[in-house]
Enquirer: 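Please see the structure below; I have some questions.
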Amino acid sequence: LIGALLFSATAFVAFTLPDHPDTLSASNFARLPLEWPLIALLVLISRGWLRRAIVFVSGAIIFLVLLLKVADIGVQSAFQRQFNPYLDLKMLTDGWNLISGTIGTAAAVVALICGALLILLVAALFLKSLKWMTQAPQGMRHLLAGIFALVTVASGCLLLLGAPQVTFATPTYLSSRLDLIVRSVADMRVFEKELAKGIGPQNGQNLFQAVKAKDIYVIFVESYGRSAVEDPQYKGVTSPRLAAIEKQIQAVGLQSASGW
């Protein structure tokens, strides 16, 4: 019973932990993740190598989800975007300088240590609780399996009916992160190929002949401007406004371009 309670607590923390610092409130934890009863049920009804494989995969998923969510919270705090493992691992020093310069070195060290300890502690307790459940007496295992089966079926039905309190977000969360990495690798390869071609002006001579004698307004926006256009929290407001401004500019015979 203790193992089941400990498993439930760690699973809830891992699967309901938000990935944005602005959503770290009690209301965002008031959800029922379908992953919680499903993993418990699979572990309890399986045997031998299959059970060990399920425990190993579940532990790896918990560790990966916690690592990505804690990293998301840190990167969102610093750069207002999701953590990109492919690109951000190359920017660890810059990220550390920004965070430590913003909140102080001592606070940054404490936050880093607490984040690492949280991930390791939850993952360790998760695996330990699964082991305790599998070692419970047969009668208790059957009882737990029945309870988790009922919860799985009930929450699955609620999910199919569109109940917002029930979620099954981990597959989408991990697949979207994998897709982000794949797209980043592809973009970087295209950029490096274009760079290697050497196409374009090699010096500043005659660089602005096409706009000679014309008025040019250059507006610089710091790198966070991209988040205002792409981040789901802001793009619903900024994108329509940007489109409206572009129409006004075009109406008077001018052109505008946004890029990064």
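Note that these values count all heavy atoms, side chains included, but never hydrogens, waters or copies made by symmetry.
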Enquirer: What are the two closest heavy atoms between S58 and I39, and how far apart are they?
Expert: OG-CG2, 3.5 Å
Enquirer: Surrounding CZ of F168 (heavy atoms of other residues, nucleotides or ligands, distance under 6.0 Å), is the total greater than 12?
Expert: yes
Enquirer: Which residues pass the side chain to side chain donor-acceptor pair (under 3.5 Å) test with R52, sequence neighbours left out?
Expert: none
Enquirer: Holding to salt bridge (charged side-chain N to carboxylate O under 4.0 Å, His left out), I want the full list of residues that pass it with D215, two or more places apart in sequence or in another chain.
Expert: none
Enquirer: Is there a path of hydrophobic side-chain contacts, each under 4.5 Å between heavy atoms of I, L, V, M, F, W or Y residues, that connects V185 with V190?
Expert: no
Enquirer: Where do R183 and L180 land on the side-chain contact (heavy atoms from CB on, under 4.5 Å) test, with the steps shown first?
Expert: CA-CA 5 Å; R183 285 188 285 109; L180 175 63; 3.8 Å; yes
Enquirer: Strictly distance-based, threshold 3.5 Å: is any side-chain N or O of D72 a donor or acceptor partner for the main-chain N or O of F83?
Expert: yes
Enquirer: Looking only at heavy atoms, what is the nearest atom pair of A14 and V65, with distance?
Expert: O-CG1, 3.7 Å
Enquirer: Could you walk me through whether L174 and L68 pass the side-chain contact (heavy atoms from CB on, under 4.5 Å) check?
Expert: CA-CA 9 Å; L174 294 180; L68 289 175; 3.8 Å; yes
Enquirer: Would you say L120 and I62 are hydrophobically clustered, going by side-chain heavy atoms of ILVMFWY under 4.5 Å?
Expert: yes
Enquirer: How long is the gap from NZ on K131 to CZ on R51, to the nearest 0.5 Å?
Expert: 12.5 Å
Enquirer: CZ of R47: more than 12 outside heavy atoms within 6.0 angstrom?
Expert: yes
Enquirer: What's the shortest heavy-atom distance between G156 and L34, and which atoms?
Expert: N-CD1, 4.0 Å
Enquirer: Using every non-hydrogen atom in the two residues, find where S155 and L32 come nearest and quote the distance to one decimal.
Expert: CB-CD2, 3.8 Å
Enquirer: Which label fits W36 and F148: parallel for a plane angle under 30°, tilted from 30 to 60°, or perpendicular past 60°?
Expert: perpendicular
Enquirer: List the atom of P85, the atom of R177, and the distance in Å for their closest heavy-atom pair.
Expert: CD-CD, 4.1 Å
Enquirer: Under a plain distance cut-off of 3.5 Å, with no hydrogens placed, do Y86 and D187 share a side-chain donor-acceptor pair?
Expert: no
Enquirer: When rounded to the nearest 0.5 angstrom, what is the spacing between OG1 in T172 and CG in D179?
Expert: 11.5 Å
Enquirer: Quick one: does any side-chain atom of T10 pair with a main-chain N or O of F7 as donor and acceptor, under 3.5 Å?
Expert: yes
Enquirer: Under the 3.5 angstrom rule, does the side chain of E35 hit a backbone N or O of T170 as a donor-acceptor pair?
Expert: yes
Enquirer: Please assess Y217 against I249 for the test side-chain contact (heavy atoms from CB on, under 4.5 Å), listing each intermediate value before the final yes or no.
Expert: CA-CA 12 Å; Y217 296 90; I249 292 174; over 6 Å; no
Enquirer: Mind checking side chain to side chain donor-acceptor pair (under 3.5 Å) for T152 and listing every partner two or more places apart, or none if nothing turns up?
Expert: none
Enquirer: Between V151 and L160, is there shared hydrophobic-cluster membership here, with clusters defined by ILVMFWY side-chain heavy atoms closer than 4.5 Å?
Expert: no
Enquirer: Tell me whether L150 is reachable from L143 by hopping between hydrophobic residues (I, L, V, M, F, W, Y) whose side-chain heavy atoms are closer than 4.5 Å.
Expert: no
Enquirer: Is there a path of hydrophobic side-chain contacts, each under 4.5 Å between heavy atoms of I/L/V/M/F/W/Y residues, joining L64 to L178?
Expert: no
Enquirer: Rounded to the nearest 0.5 Å, how far apart are CG of L144 and CD1 of I45?
Expert: 13.0 Å
